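The structure appears right after this line, and notes come after that.
Keep in mind that what you see is a predicted model, and the values were worked out from it rather than measured.
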Amino acid sequence: MAVPALLLRRKIIVDRLTECNAFSEENAVTMQAAGVFNPNGFKRFNRFLVYKGILGVTSDGRYYLKQPV
């Protein structure tokens, strides 16, 4: 049951960051600013996406897309 929720979460994050043109550290945004629902609810999953190289994170906690998905 958790896997579909995480796949949906990934799609939402990618879509919202794409809409914000967050493709580099200079254009990175917080999950809240990107409009991601419950931006602090899935911190571990966000770290997983960073680990997998899908997202990048700045030192001040803003996110951007590192690769096309």
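When hydrophobic clusters are built by joining Ile, Leu, Val, Met, Phe, Trp and Tyr residues whose side-chain heavy atoms come closer than 4.5 Å, directly or via intermediates, L17 is grouped together with V14. Taken together through direct or relayed side-chain contacts under 4.5 Å among Ile, Leu, Val, Met, Phe, Trp and Tyr, L65 and F48 form part of one hydrophobic cluster. Residue I12 is not grouped with residue L49 when hydrophobic side chains (ILVMFWY) are merged at heavy-atom distances under 4.5 angstrom, including chains of intermediate members.
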E25 vs T58, side-chain contact (heavy atoms from CB on, under 4.5 Å): CA-CA, chis, key distance, verdict: CA-CA 7 Å; E25 287 188 38; T58 63; 4.2 Å; yes

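Using a 4.5 Å cut-off on side-chain heavy atoms (C-beta onward), F42 and L6 make contact. V36 has its side chain within reach of R9: a pair of non-hydrogen atoms, C-beta onward, lies under 4.5 Å apart. Contact annotation: the side chain of K66 never approaches that of L55 to less than 4.5 Å [non-hydrogen atoms, C-beta and beyond]. N27 is not listed as a side-chain neighbour of Y64, based on a closest heavy-atom distance of 4.5 Å or more. In this structure the side chain of M31 reaches within 4.5 angstrom of the side chain of I13, judged on heavy atoms. At least one side-chain heavy atom of T18 sits less than 4.5 Å from a side-chain heavy atom of F23. Contact check for V50 versus Y63: side-chain heavy atoms found under the 4.5 Å cut-off.
Side-chain contact of E26 with S24: a donor-acceptor pair under 3.5 Å is present, judged by distance alone.
At most 12 non-hydrogen atoms from other residues, nucleotides or ligands lie less than 6.0 angstrom from CD of Q32.
Between C20 and A34, the closest heavy-atom pair is SG-CA, 3.8 Å.
Between the CZ atom in R10 and the NZ atom in K52 there is a gap of 9.5 Å [rounded to 0.5 Å]. Distance check, rounded to the nearest 0.5 Å: CG of L8 to CG of D15 gives 9.5 Å.
Judged purely by atom type and a 3.5 angstrom limit, R62 uses its side chain to pair as donor or acceptor with the backbone of A28.
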